[in-house]
Amino acid sequence: MFSRRKFIGQSALGSAAAFLGGVSLNSCNDANGREITKEINTLPVVISTWDFGAKANEVAWGVLGSGGNALDAVEEGVKLIEADEENQSVGIGGLPDRDGRVALDACIMDSEGNAGSVCALEHILHPISVARAVMEKTPHVMLVGEGALEFAVAQGFQKQNLLTEKAKVKWEEWKVEAKYQPIINVELHDTIGMLAVDQQGNISGACTTSGLAFKMRGRVGDSPIIGAGLYVDNEVGGAAATGLGEIVLKSLGSFLIVELMRMGQSPQEACEEAVSRIVEKNKNYKDFQVGFIAVNKSGETGAFSVQKGFNYAVKTTKQNVVLDANSIV
Ligand code: ASP
């Protein structure tokens, strides 16, 4: 829970942060007024949802390592997963809506607070790049459906079929019963949300998904919604979500986590509080999964989920690990 004392303490830490040779040093005064310095983390840092985030983190790391910025890193990182036909929850190969259409959602946010988003975009391999084009080339934040597709084609993105044979078979199997269950099944989702803090301490994030499998046509979840599936504030940190989008949409979990960090919570504490709020407000919390990841300006990371089974990947100069998130259930 928010503590004013902690807020004052950590704000003081934050304002004194300095980045020296990739090492983040925070300094503050002890009770006797002496300055103490503490190593928080080594930048850059990349964190992604799910175990497949590890290979995406490697791509992002390659961008950061060659002097690239956090925005390029997160875009290139998640593009790897969008292009992976074996992944059935992001990009090509994603499970379609109940009419057999692969409709993709994505959003991106940079360290300047700019944001771009596409919803229910069909036929385009890299919705994250279209979201970035919305951010950089239009006065808008979000384009949806046909409009998003028209814009993408005008920008030179090629139309292609995104429904793979494997995804089609699963859809055909689903159609036998065609049971429409808005409650998420743990196998039917897995958005990639990625947050990167680059060498300069600048933060960006990306989030991309094919959404809930066999969803109603036009259904949009949390992933392309700024504040729900993703939020970044370069003064504070970033957060991203995965899981049942309807629940995240009603809690604006990513925005909440960034605000909690602004008030002094660590990324871990903020993720835990966001999940606790969801659990408090949803009696059926045992029936769905929601997971969050977060990073702060110092490169500290955190993650938490409603159910067991949520994992996430963290890449630092020392390691590229997949970690199991702690959970409420
Ligand atoms: N959050 C995504 C959605 O609801 C799905 C997921 O992450 O599993 O569209």
Side-chain angles (χ1 to χ4, degrees), residues 47-53 56 78 81-82 84 86-91 93-98 101-109 117-122 127-128 131 142 144-145 148 162 167 170 174 180-195 205-231 239-257 271 274-275 278 282 284-285 287-294 303-313 325 327:
I47 179 170
S48 300
T49 53
W50 303 106
D51 50 359
F52 52 71
V78 303
I81 310 302
E82 288 183 336
D84 180 358
E86 293 306 309
N87 184 309
Q88 298 205 304
S89 51
V90 180
L95 294 174
D97 67 14
R98 63 185 186 177
R101 299 167 192 262
V102 181
L104 305 174
D105 299 328
C107 73
I108 196 159
M109 245 187 128
S117 159
V118 287
C119 305
L121 175 64
E122 295 180 44
I128 198 67
M142 182 182 289
V144 306
L162 301 177
K170 283 220 175 159
W174 173 82
Y180 183 63
Q181 275 184 317
I183 297 295
I184 210 156
N185 168 312
V186 264
E187 274 91 52
L188 294 185
H189 63 93
D190 282 357
T191 296
I192 183 156
M194 176 183 280
L195 306 161
C207 187
T208 177
T209 191
S210 52
L212 193 56
F214 318 127
K215 60 197 174 186
M216 288 175 71
R217 179 153 162 76
R219 179 267 185 191
V220 173
D222 59 314
S223 306
I225 308 299
I226 300 298
L230 175 74
Y231 198 70
T242 182
L244 185 57
E246 281 71 9
I247 298 290
V248 181
L249 277 171
K250 289 185 279 186
S251 66
L252 290 183
S254 294
F255 180 72
L256 172 64
I257 289 168
C271 288
V275 170
I278 285 175
N282 293 276
N284 65 334
Y285 68 90
D287 297 333
F288 60 77
Q289 175 65 305
V290 167
F292 292 107
I293 56 168
F304 201 66
S305 58
V306 176
Q307 317 276 348
K308 282 196 180 54
F310 172 49
N311 54 24
Y312 63 105
S327 60

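In listed order, ligands and their atoms are each counted from 1.
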> Should the pair Trp174 and Phe214 be assigned to parallel (<30°), tilted (30 to 60°) or perpendicular (>60°) ring geometry?
Replying inline: parallel
>> Under 4.0 Å, heavy-atom basis, I'd like to know which part of Gln289 is in contact with ligand 1: side chain, backbone, both or neither.
In response: neither
> So is there a nitrogen or oxygen of Glu246 less than 3.5 Å from a nitrogen or oxygen in ligand 1?
Replying inline: no
>> So for ligand 1, is Ala241 a polar contact partner (N or O within less than 3.5 Å, distance only)?
In response: no
> Quick one: which ligand 1 atoms are inside 4.0 Å of a heavy atom on Asp190?
Replying inline: 6 (C), 8 (O)
> For ligand 1, which atoms have a heavy atom of Leu212 less than 4.0 angstrom away?
Replying inline: 9 (O)
> Can any side-chain N or O of Asp84 pair as donor or acceptor with the backbone N or O of Glu86 at less than 3.5 Å?
Replying inline: yes
> So which heavy atom on Ile293 is nearest to which on Ala303, and how close?
Replying inline: CG2-CB, 4.1 Å
>> Strictly distance-based, threshold 3.5 Å: is any side-chain N or O of Asn311 a donor or acceptor partner for the main-chain N or O of Asp51?
In response: yes
>> Test your reading of the structure: does Thr209 have an N or O sitting under 3.5 Å from an N or O of ligand 1?
In response: no
> Quick one: which ligand 1 atoms are inside 4.0 Å of a heavy atom on Ser223?
Replying inline: 1 (N), 2 (C)
> Do any N/O atoms on Gly245 end up under 3.5 angstrom from N/O atoms on ligand 1?
Replying inline: yes
>> Determine whether a donor-acceptor pair (N or O, by modelled atom type, separation under 3.5 Å) exists between the side chain of Lys215 and the backbone of Ala103.
In response: yes
> If you take all heavy atoms of Gln307 and Tyr285, which pair is closest and at what distance?
Replying inline: NE2-O, 3.1 Å
>> How close do Pro96 and Ala167 get, counting heavy atoms only, and between which atoms?
In response: CD-O, 4.2 Å
> Is ligand 1 under 4.0 Å from a heavy atom in the side chain of Val248, in the backbone, in both, or in neither?
Replying inline: neither
> Short list, please: which atoms of ligand 1 are under 4.0 Å from a heavy atom of Gly211?
Replying inline: 9 (O)
> Does Asn284 reach the main-chain N or O of Asp287 with its side chain, forming a donor-acceptor pair under 3.5 Å?
Replying inline: no
>> I need the atoms of ligand 1 closer than 4.0 Å to a non-hydrogen atom of Thr242, numbered in the order shown.
In response: 6 (C), 7 (O), 8 (O)
> Relative to the heavy atoms of Asp222, which atoms of ligand 1 are at a distance of less than 4.0 Å?
Replying inline: 1 (N), 2 (C), 3 (C), 4 (O)
> Should you measure from each heavy atom of Thr191, which atoms of ligand 1 turn up under 4.0 Å away?
Replying inline: 1 (N), 2 (C), 5 (C), 6 (C), 7 (O), 8 (O)
> Does the side chain of Phe310 reach to within under 4.5 Å of the side chain of Thr49, using non-hydrogen atoms?
Replying inline: yes
